[in-house]
Amino acid sequence: MLEKFLLDKGTVFGFQELYPTDVSVCADATHVSFGGIYDGKPAALISLRVESSELYMDWIYTAEEYRNRGIMTELWEYVFERITFAGSYDTLNVVCSGDELRDFLEKQSFMFEYDEVATLYASDIGNMKELKGKAGAHAGVKLKDLGNTELKLLNNELINAKEAAYCIKLPVIASDYHELSRVSISKNILNAIVLLTRESMDTMDIAYVYKTNGSEVALMLMIKEIRDEVIKVLPECKRIRTTALNDGSRVLFEALFNDHQKEPVYSGMKLLV
């Protein structure tokens, strides 16, 4: 029998193994999360996030040994009976990767856009190509080492970038990202930025890549610096992932790795009224 819970700051830690980073975020002020326990073990986790007066599905995961038993379907039913804990919303939005998850959500009455909105790429760090060239001034500095003036310049540039920066949370704060994240600024002009998430047990995500016109060399020099440092500190079997939103980012990822896997990313929603 599946035991189902609305999680709080105390009970959420029992589901750490089902979440890729610090599971405490699933019980912070912007999240409402639900967990299922089967035979005394954490079996499934669903986390919903409130952002700008909209409700999103932030995370859905079933432990591998409990898949294909109807456990997630049962937890979903529990969630939708109690969705009012998140507030009064007309829709639940979701962005998901892969046809299998999309098919499951369609059975839960989610409706999806016909075409994929992005592509999720993944590869092993050991598959990263060795980049040639010497690091120079435009290789940038680590995000955590930026001064207040440079950080303000960075955020102003991204705010003015509008659509190009819609996929990240602004302002950019160093503590939100991995210490290897880098920024290239010269003569008070932002050249490029590469943001990496804090890694989980088996993956690291490229959260965001941005360059201004004419800064291709600066971007590649930063990627070389990051690649050389990542190879030193992380095992080659560590997975690295990114969501490519356009052809340029798809070409970049495919050019950086000798081998990779990819899945379509879909955008959908479920009516709650």
Side-chain angles (χ1 to χ4, degrees), residues 19-20 30-31 44-62 67-68 72-73 75-77 79-80 83 86 89-124 127 158-170 192-197 200 203-213 216 219 223 239-273:
Y19 196 73
T30 63
H31 288 80
L45 174 64
I46 294 172
S47 185
L48 309 179
R49 171 174 49 87
V50 178
E51 181 178 314
S52 301
S53 300
E54 296 286 339
L55 185 63
Y56 292 86
M57 186 182 72
D58 207 33
W59 183 252
I60 172 173
Y61 189 82
T62 305
R67 293 174 186 173
N68 301 314
M72 181 55 73
T73 298
L75 183 59
W76 266 119
E77 293 173 354
V79 169
F80 291 134
I83 202 78
Y89 299 95
D90 295 331
T91 60
L92 172 58
N93 304 287
V94 63
V95 176
C96 69
S97 61
D99 294 330
E100 183 177 356
L101 180 54
R102 186 192 65 172
D103 291 345
F104 170 79
L105 293 175
E106 283 184 331
K107 293 177 182 178
Q108 312 306 318
S109 300
F110 278 85
M111 298 174 288
F112 286 89
E113 296 181 16
Y114 179 77
D115 295 323
E116 62 185 81
V117 295
T119 305
L120 177 67
Y121 282 91
S123 187
D124 292 342
N127 285 328
L158 293 179
I159 290 171
N160 291 330
K162 297 182 180 179
E163 289 186 6
Y166 283 172
C167 59
I168 62 167
K169 178 183 177 182
L170 296 177
I193 177 172
V194 179
L195 300 179
L196 306 172
T197 61
S200 63
T203 62
M204 171 185 283
D205 288 339
I206 303 172
Y208 185 64
V209 176
Y210 173 81
K211 70 170 183 65
T212 54
N213 291 335
E216 290 78 10
L219 176 61
I223 291 175
R239 300 290 283 173
I240 190 163
R241 304 180 303 183
T242 194
T243 300
L245 300 175
N246 52 50
D247 289 340
S249 51
R250 292 183 182 94
V251 170
L252 177 61
F253 193 92
E254 293 179 7
L256 290 174
F257 291 86
N258 292 309
D259 186 32
H260 64 271
Q261 294 78 47
K262 61 182 181 179
E263 287 185 323
V265 176
Y266 301 103
S267 176
M269 52 84 74
K270 175 183 173 66
L271 294 174
L272 300 178
V273 293

| Side chain to side chain, Q108 and M72, heavy atoms closer than 4.5 Å | no
| query | Of the non-hydrogen atoms in D259 and S123, which two are nearest, and what is the gap between them? | reply | O-OG, 2.5 Å
| task | Please report the shortest heavy-atom distance between T197 and M204, naming the atom on each side. | result | O-CG, 3.9 Å
| So, does D205 use its side chain to make a donor-acceptor pair with the main chain of T242 at under 3.5 Å? | no
| said: For a 4.5 angstrom cut-off between non-hydrogen side-chain atoms, does L55 reach I83? | reply: yes
| Reported CG-to-CG distance for the pair D247 and L245, which is rounded to 0.5 angstrom | 11.0 Å
| field | Value rounded to 0.5 Å, distance of CD in E116 from CZ in R102 | value | 9.5 Å
| query | Between T119 (side chain) and A244 (backbone), is there a donor-acceptor pair under 3.5 Å? | reply | no
| field | Beyond-backbone contact of I168 with Y210, side-chain heavy atoms, under 4.5 angstrom | value | no
| Angle class for the W76/F104 ring planes (parallel below 30°, perpendicular above 60°, tilted otherwise)? | tilted
| N68 atom CG, over 12 foreign heavy atoms within 6.0 Å | no
| Would you find a donor on one side and an acceptor on the other, under 3.5 Å apart, between the side chain of S47 and the backbone of W59? | no
| request: Give, for atom CD of E216 and atom OG1 of T212, the distance between the pair rounded to the nearest 0.5 Å. | output: 8.5 Å
| Is the closest side-chain heavy-atom distance between L105 and K270 below 4.5 Å? | no
| task | Could you tell me the separation between the CZ atom of R49 and the CG atom of D58, rounded to the nearest 0.5 Å? | result | 4.5 Å
| Aromatic F253 / basic K262 pairing, under 6.0 angstrom, 45° off normal | no
| request: Begin from the C-alpha positions of L120 and T243 and carry the test side-chain contact (heavy atoms from CB on, under 4.5 Å) through to its verdict. | output: CA-CA 4 Å; L120 177 67; T243 300; 3.7 Å; yes
| query | Any idea how F110 and F80 line up, ring-wise: parallel (<30°), tilted (30 to 60°), or perpendicular (>60°)? | reply | tilted
| said: Pair L48, V79 - check side-chain contact (heavy atoms from CB on, under 4.5 Å), show working. | reply: CA-CA 10 Å; L48 309 179; V79 169; 4.2 Å; yes
| message | I'd like to check L101 versus Y266 (side-chain heavy atoms, cut-off strictly below 4.5 Å). Are they in contact? | response | no
| Heavy-atom side-chain proximity of S109 to L271 below 4.5 angstrom | no
| Out of curiosity, L195 CG to K169 NZ, how far, rounded to the nearest 0.5 Å? | 13.5 Å
| task | Check whether any side-chain heavy atom of V94 lies under 4.5 Å from a side-chain heavy atom of F112, and answer yes or no. | result | yes
| field | Between CD1 on residue I240 and NE2 on residue H260, distance to nearest 0.5 Å | value | 14.0 Å
| remark: L45 and L75 have their tightest heavy-atom pair at N-CD2, 4.1 Å
| Side-chain touch N93/M269, heavy atoms, less than 4.5 angstrom | yes
| Test applied, side-chain hydrogen bond (donor to acceptor under 3.5 Å, both in side chains); reference residue, Y121; option that passes from Q261, E254, R250 | E254
| cation_pi(R67, Y61) dist<6.0 Å, angle<=45 | yes
